[in-house]
Structures are given as C-alpha cells and as structure tokens.
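Quick notes on the structure that follows.
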Amino acid sequence: MPDVDPRIEGLRTEALAALASASDEAGLEQWRITFFGRQDGRVSALLRSIRDVPADQRAAFGAAANAVKAELEGALEARQEGHKSAALKTLTTEAALDVTLPGRPQPLGRLHPVTQTMRDCLAAFKEMGFRVAEGPEVEWARYNFDAARIPEDHPARDMWDTIWVNTLIDGERNMLLRTHTTPNQVRVMERTPEPPVRVVVPGKCYRQEATDATHEWMLTQIEGLAVDEGVRMTDLKGVLYGWARKMFGADRKIIFHHSYFPFVEPGVEMAIDCFICRGNGSACHTCHGTGWIEILGAGMVHPEIIENAGYDSAKVTGFAFGLGVERVALLRWGIEDIRNFYANDLRFLSQF
Amino acid sequence: MKLSLNWLREFVDVDLPVPELARRLIDATAEVESWETIGANWEPDKIRVARVLSVEPHPNADRLRLVTVDAGSGTQQVVCGAPNVAPGQKVAFATEGARLRDGHTGESTVLKLRPIRGVESAGMVLSEKELGLSDEHEGILVLPDDAVVGRPLVEVLGDVVFDISTWANRADLLGVLGFGRETAALTRKVLREPDRTYTESGRNVAELVSVTIEAPDLCRRFTASVIEGVTIGPSPAWMQERLQKVGMRPINNVVDITNYVMLETGQPLHAFDYDLVRGKQIVARRAVPGEKLVTLDGIEREFDGEMLLISDGGGPVGIAGIMGGGNSEVSESTKNVLLEVANFRAGSIRRTSTHLKLRTEASLRFEKGIGPEMAEYAQRRALHLFEQLTGGAVAKGLVDVYPGKQPRPAIIVEDERIARVLGIQVPVEDVRRILTDLGFVCHFVPPGRYSVQPPDWRPDVEIADDVIEDIGRIYGYDKLPATMLRGKLPEPEPTPLMDLRERARDLAVAAGFQEVITYTLTEMAKLERVVPPSDTVRMAPLAVVNPVASQHTYLRTSVRPSVLETFAANRRHAEAELRLFEIGVEYLPTEADLPHERPVLCAVLGGPRETRWGRPGSDRLDFFDAKGAVEAIFDHLGIRPTFAPRTEFGLLEGHTAEVRAGKEVLGIVGQVHPQTAAAFDIAEPVFLVELWLEDMVRHLPERPEYSAPSKFPEVRQDLALVLDGATPAGRVLEIVRSHRSSGVRIRADVFDEYRGPGVPEGKKSLALRLRFQAEDRTLTDNDVAKIQQGLVVRLGKEIGAVLRGG
Ligand SMILES: [Zn+2]
C-alpha cells in the first residue's frame, strides 16, 4: 500500500481528538463547522487540495481523503446519536415531572344548575313533541288569576302570595309578578286558533314569601299544556312518566293523588317513588318516610278555559302541569338548601 | 285542620291501620301532613280509669289530701295535691312503673312510689300535663262520667289526631262529618250521620224573633231558633276533650255546642244572648259606611258599605259570618239563647275578612263556599245538643228566611265523557256506588248517561267534569295506565331570539364564563351606579308594592349591578381569575302596558392570569380578554363585528368600545370605571361585556358563510408599519382586508404594537401578519411582492403609513 499522505493522517488524528474533546451539542456543532464547513472546513479544504496533488497520486489521495471524510462523518453521527439518547435519558430521569402537581387551570365555564335542569326537562318534553314558548314575567292579574279561574274573592288566591307592581292603570292595580307560569296556558291558546296545542313554557315566577331551605321568593317553573281532541288523563300520566324516568332514572314509578287547582278538573299532584330510600327508610329526609316524593301539580284543563280559548270543550280536552325546576334540581343532586341557587357562590356553582 | 280519629269513628267504622288510612285520604281527599298519637306511652295495665270514693285531709300537710279511689281492683289510698279532686269523679290513675311526664319539668319519667309526708301512696291521680295531653297541671284530669272504672286509659282517651290541609273549594272537609263521608266511600263502609232529633217544647219561635234579609245577594239563607231557660255551665267532659284535641278552648256549654257542631259539620253557628237582642228582631244588611262595632275580641271595627252586618233593633250585633259583637255575647248570666245558622256569599265573607284582617274559624269556612241546605242541618244538630246539654226548651219551629233558594239542576254525565277525560272506562256499578257513597243522587240512564244530583254540602260540584273528578279520585288514579299522546303535532313556531339566547349561553360557557342567575329585583341605589341620570326609562324602574325585602323593591332595568355584586361576593373567597355571566332581562317600563322585557347577556371578568408552573404572560386579565370573548362569540354566530371607542356611563373612557354590525350597536365591552367598581366593593380592574340579544338576532346569518378550503397554498408575509400613534389599528386592518388585487384575498392580523426607541415620537409601529391566497393558482414570490407593494402605497396614501426601516 502506498504511503498515505501525511496531511490526511494528521487531519484524521487531529479531528478525532477534537471530536473526543467536544463535550456538548455546541462543541459538536463547532467541530462540524471546523472540519466540514462548506467554505473553509478543513476536510472540504483537504478534498479541494487534490488539485495540487500530482496526477499519478490523485487516485490514491482521493480514496484516502474520502475514506477519512466518511470515517469522520460517521464518528460525528455516532457522537450526535449518543448525545440525543443521553438527553432523552435525562428527560426521563432528572428532568422527569412531578405528575402529581395540579394541571394548569383552564378557563372552563359552566351552566347554572337551574339552567342545566331546565334544559334537561325541556329536552325530555321536546322528545314527546312539545314546543317551547315563553311569556312575560310581569303579568296582568287577569291572566295570572282571573283567566285561570282564580277570582279575587276566592280563597284559592291564598295558594299564591303575590308581589304586586306599584302601577295604577285606570286607577286599578292590576300588574303583578306572575306567581306561576299558568297564565301562559291562556296566552298560548289565545294565539293558537285551532288545536292541537302541545307546548312547554319555562320561566321565572315570584312569590311574596319568606325564604327558607325549601322556599325561595324567585323560582323557575315549567308549564306544560297539551290540548286536542282525545287528550286524556292517561296521556298526562304517560308524559309525566316519561319525564320522571328521564330525570330520575328509568326504574322510577309515579302516582297521582287528588289535588285542587281552580284551572284544572280533575286536579292531581304527582309523586315519584323515593329513589333515595327506595321506600324503606322511615327516617328518610327526602320522602319523610312515606316512600313518595311530591313533585308537581297537574290536571285536565278546566272546560271553561277550553271554551274561553274558542275551542269546543265537548270535543277538545287538554292537560296541564306545572313543575318547579329548583325542586327537581334539589332532588336530583341531593342539595339540601334551595337558597344556594341564587346566592351564586362559585364554590357551589362550580360543582355542577 | 285537626281531625280526631275517635271523633271520625263516631260516623264511620275504621279498621285500617292509621298510616294506611292516611295514605288513602292523601290519594283521594286531602293532604294529611302528619298525625300525633295520644296515649302511645300509656301502658294498659299501669294507667287506668278510677273513681274517687272519698277525699280526706292529710294528717301532716295542709295542702295535701288523702284520696281513696276504686281502680277496679279494690280501693286504694293515694296522696294528692290537686285542688279540684272531689268524690264521684272519674280520674286517670297510675301505678308503680307507669311512664309519665314530670308535672313540673314535663320531662319523661317513670313513676316510683314513696311515702309523702309520712303517708304511703298506692299510686297517682294524674293531671293533663303528666299524661302529655297539655301543659295543664293546676288540677287533675276529670274523665267523662261514662268512663268505665278499671278500663285502661288508652282505650278511653287514646286517640290519633291528624293534621290535614284541605283544599280551598271544600268547606265540607272542615268538618269531621265530611271526612266520615270520604272515609266511608273510600273503604266501602256505611256513614252514620249525627243525631238531629229534639222535642220542640218551647213557645212558637215566630213570636220570639223576626228575621229580615235586606241584602239577599250577600245572605242567601238565615235560620234562627230560640232556646229558653238554659243553664250556663261547663260542657260535658267528652265534648271538652274533643274540642281541646283539635285545638279549641272550651268556654261554656252554649258556646261549646256552636263550636262543636261547626267542627262536626263545617257549618258555622252563632249564639246570641236572646235577652240582649234589641227589639227581638234580626236584620242582615250592608253596613252604613263608617259604622262601627266592638267584636267579641274587644276590638272596635269600622265597616264599609259592602260589608254585611247582622243587626238587631238597636244596631249591629255581629259581622256576618266572621265574628259576633260583644254587645250580645253569651255570658254566665244568659238565660235564653238565640241561635243563628245562616248562609253568606263566600266572596263577600272573604272580602270583608281580608279588609278587616280578621280571619276566624267561621270566615275560613264560609269563604270556601257552603251549601245553603247545611244551615238547617247544623241548626237541627245544635238544637239536639242544646236540649241534651243545656236544660233549655227549644222553641217550636224555625225561623227560616231563604230568598236564595234555587233548585239545583241535575248534572248530566255521559259515560263517554268519563272515558274522554280519564282515559279509562269506569264500570256503571262503580260510578253509582262512588257517587252514592259521597251523597250524590245518581240515576243511570241507559245506554250511557248518568243524571246526578250533587249533595247539599258540595257546592263545588257544578259541571260534569267535577263529578268525573269525584269518580276518578275515589275509583283510584292508580288504575290509570300511562299512555302516549296521539294525533297531530302542532305547527312549528320559529323562536329565533330564544335560540340565539341559548347559543349565546353555550358560547359564553365555552369561552370560560360561569353562568350565574341573580335576583331580578334590586334597589334604586344600585341602578344609579350604572345608569346615567339622562336615561329616563332605566331611571324610572317599576316598583313593587310588597317587596320581600327593601333591597328587592325595583324591577331591574340593568343586569350590570347584580353581576358586579356577584363578582365582588366571589372575590372574597377566590384569588384566581373570575369570569361570570348572566343572561337576564331588563324590565323597561312602557306607557300603560306591561314592561318590555329586554334580554341581555352581561359578563364580567377580572383577576390575575394563571401563571402556574412557569407559563409566561401578562399578569392580569384585561380589556383584550373581554374583547376576545366577544369576538369568539360573534365569530361563532357568524356576525362580523367592528369595534369603536364609546363613552358609556359607569365604564372607563378610553377603555371601552361598542360592538357594531354595520351601523347598529349590538353591545359594549369595556373596563368598569374604578369608581363604579369601588361602589360595588371591587378594588381591581374589572371588565364588562354586555350583548343585546334583540339587536343581535337581526344580524344572524341564515346559515354560516361557507367557502371550500383552497387547493392552493397560502403565502405568509409579515409587515411592519410605522404610522401616526392616533390611527386605530382597526383602520389599518379595514384597509388591508378590503384590498383586492387580481383575485387574491388578503387575511390580516395585528400581532404587535410598539412605541418607543426606534420609532419616532408620536408614531407607533404595528406588526401585521398577512396571508395571501388565490382561488385559482399558486402565488409566486413575485405575485406577492407586487400585491404587497400596491398595498403599502395605498396605506401610505390613506393613513400615511410607511414600512418600518423601509
Ligand atoms: Zn325516602
């Protein structure tokens, strides 16, 4: 084998020594520029110097120089690989995270639990073909009471303690904060010239009463109304049964018992079986040991109200119900105090 | 109302366990709230009926006596301190080990016998307090004379007292008899009606008193009778016991009879001292406005011209159906009694008692509506008791003025209607049985109708559906299956505003805001903080007459105060950033109509930005976080908003913008003025968004503006401009975005704003990122350079902007 050009061997030795002493990424990069830089890298310069080699030695010089070039490139690559895997190793060891540190809080909003419950209820009724409508919170006494067959001198008015608006119109005080969503029965039928009517009306209502764990003066109701030829009390039971199962579990049972509201006849109260104690808890706080939880009032729309809407009460019948959204929310989540809803403490609201 | 089970048993046999009876009544009749068992702790062998044989002085104590009793197992001697013990009395007698209540403390105790002042005592004669019946401990309890010696006390006095809420249309259920009838119908038992027989041994009543009804619209019937020669005294023990159990204080035999019959039948009665009735005449008439009377409770009351009074020859002696007057009250010296049992119009009684703020047992019954036939029923029942219990002679005949007598038409109930309403067929025999048990007269007319005559005590039954309710509730609603609604679905009705509101709610949540729901009634002082005095509509909110609290007097005309208050309240226990929103309505007064309920979304945010675990960033939420939320919501809704500076009351000038679509303002975003924030107890920068949903809804696109993603790559290019410091960035973007050049679209964003060294005084530098895109080709560097050149020329011409370093 002919003697290798001493410049080649010298560069090789020098380069390998320099590579060995490069300790980090920056050192390796510096080494690369020194030996492989495009313009004045030493290996590049060596390869270019082939022009100065006598013609008969050029082949040998070229082969040797290229062999050294390949060797040095391989050595660099090996060092780089070594560094990458060392860095990865560090990531998984010294730089490992304390994964038990809390995640960084993301701004995440939530719906108010009353809104959530309201939407769930409305969704259940919508599936059964009910439309959603709304009506005014500030209402005429005539819609809130008289049209619902609750005349002024009737003791049934005691069932609704009313907040009155201090406005006299024609010398009379006849504007109030609606005490229930019932006036919308009449409002909806008024603008529906012909049955069928199948509607739920959600909204805020107001009562002039002291607040405690189960009473709020501002409350949210959903009024339901279905009017058509052939609407029966058994349909009322079916619709409320469907709703109760959606809200409180598919194994719920419901019962009706007699009640009185001037705008329905017959009038009933609906109860669901207690899903807390399942009927065998004499000390159950939810059902007070009765096994049943009263949940809403309902009934068949009074024929007089059907007639007032311009429908023929001999053929057209209907049912109506009114449910308290807060009460449903209290029950489904086991909340013990209704006042939590409108105190708006995020420590409460952020749990739903 | 309180209902005694023993009293109920007088009218109907009850063999159901108490919880079962309660459940049946709840299902079909009225709301049984609770019940109390009297004598639950009285062991039959330790507490019995005894008879007092003799009472002797105690040898060693003046105030104690030695009482010999017969408790059925021979005579025994006990030491007793009660002043009222007397020979012949039937008493409650306890022996060693009986569970009692302590006569002084009322605590539960077990009787341990020991000598009292040196004399052995074989047991104890008990007071009501020791039995747990009441707080009465002055004397011993005296039992009815017919109590059998040796019988366990629990069999004599033990009872269950139900607490029941009855419905507003059922005066008959404010009488035990009403529950007797319901129970009979529910359990298929026979009703035993109370004894209404008596002997008319006195003078002819027509010679004793005359009755005139001058207001037949308010008084439908008036019956009167006279009982002469009564002996006033305590009513018998059984009657007192029943009155007390249901919460009524015994007075004397005459008053007790009227109360007893009212509790029994639901029909109120009133007894006058006959000798105090002037002119021996009674008139039911409207009051002369301003007329006065001192009622039985000693209070002088004044009447208006719509109130019905009962008068005698000298003036008013009672408020009809509510309370009698002191001037004709039955007293210890009464010899002769005039008994009034009348029927008054329910609404009139209700109105009068509401205006006078005087609710009585009588008014509570009359206002629910009582059938006029009940007056005679109760009159005769009372006369039976008067004869038995007062020693008086009942006059011959009744005075009965009955101008409101109307035959009650039969109600036709079609069998088909029952099925139409209830959804099930009720067998004919069940319909007949139920109605008959409830006191209806019911004829079945084949093939399918019933002719029904409702009973006198049920004026609430007016139409066929009322009868169907009675059939349904007694037959049992548990027999109704659950069925699905049939028939057509209603026409859909578009609800764009409601839909937008719910989308906005979801978008606010997605943007990190927590929904709150606050009270809609507020106070003036809070509205004044956010509403300018010049806003005459919002500064004149509707007030309510009877607020639950003074801070809830006004219907809010702005949602801002309550959301800011909620922010402040939560800041007290949260240090992190807060983002809250509410969708509520402003109640804007209108002339002589209901207020306009205007829905708005009001959001508030502020607080330190989260920088945990090394995340960089500015230190607090600011205006651009609020604006970013607005942009995100609008972007999602497909509305392109522009923003312009705005002066808004309560917000900080220079830090507030209005949100517009075209020329219309759809809302505002800005920093709450620090003084306003301070008024709500907020000491940090806080930012407010208000979106006006009614205005937004008009700008909603019918569907999102859609274009297919281009097949050709876009070219990005950054551009640094120097321009006048006062030129809004929005103006620059407007120009860039509107720039069109040979079908190339430019999208632009500002990613930096800079003032300071390197930029001349009064100027600013804006860094823009531009994205060029053609629909039909791949842009070359050359294309882009040309377009950009044109754009820079235009920016220079229109707003004097130059390339930075160019
Ligand atoms: Zn339970």
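Keep in mind the model is a prediction, meaning the values are calculated, not measured. Letters go in sequence order (proteins before strands), and every chain restarts at 1.
Note on ring orientation: taking the six-membered ring where Trp is involved, the planes of B:His552 and A:Trp217 are tilted (angle from 30° to 60°).
Counting heavy-atom pairs closer than 4.5 Å to chain A, the top-ranked of the candidates B:Leu555, B:Thr520, B:Val585 is B:Thr520. Considering only heavy-atom pairs separated by less than 4.5 Å from chain A, the leading option among B:Leu594, B:Val548, B:Leu480 is B:Leu594. Interface check for chain A: of the options B:Thr518, B:Asp460, B:Leu578, B:Ile517, the most heavy-atom pairs under 4.5 Å are formed by B:Ile517.
The backbone N or O of B:Glu491 lies less than 3.5 Å from a partner atom in the side chain of A:Arg131, making a donor-acceptor pair. Proximity of a side-chain donor or acceptor of A:Arg173 to a complementary backbone N or O of B:Val545 within less than 3.5 Å is not detected.
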Any chance you could lay out the side-chain hydrogen bond (donor to acceptor under 3.5 Å, both in side chains) test for B:Glu469 and A:Tyr260, step after step, and finish with the verdict? CA-CA 10 Å; B:Glu469 172 172 72; A:Tyr260 168 70; over 6 Å; no

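Proximity to chain A involves both the backbone and the side chain of B:Arg351, based on heavy atoms less than 4.5 angstrom apart. Heavy-atom distances place no part of A:Trp292 under 4.5 Å from chain B, backbone and side chain included.
Annotation: side chain of B:Asp506 is in contact with side chain of A:Arg119 (closest heavy-atom distance under 4.5 Å). Annotation: side chain of A:Ile163 is in contact with side chain of B:Asn546 (closest heavy-atom distance under 4.5 Å).
Electrostatic pairing of B:Arg501 and A:Glu134 counts as a salt bridge here, judged by a charged N lying under 4.0 Å from a carboxylate O.
The heavy-atom pair separating B:Lys488 from A:Arg198 by the smallest distance is O-NH2, 3.9 Å.
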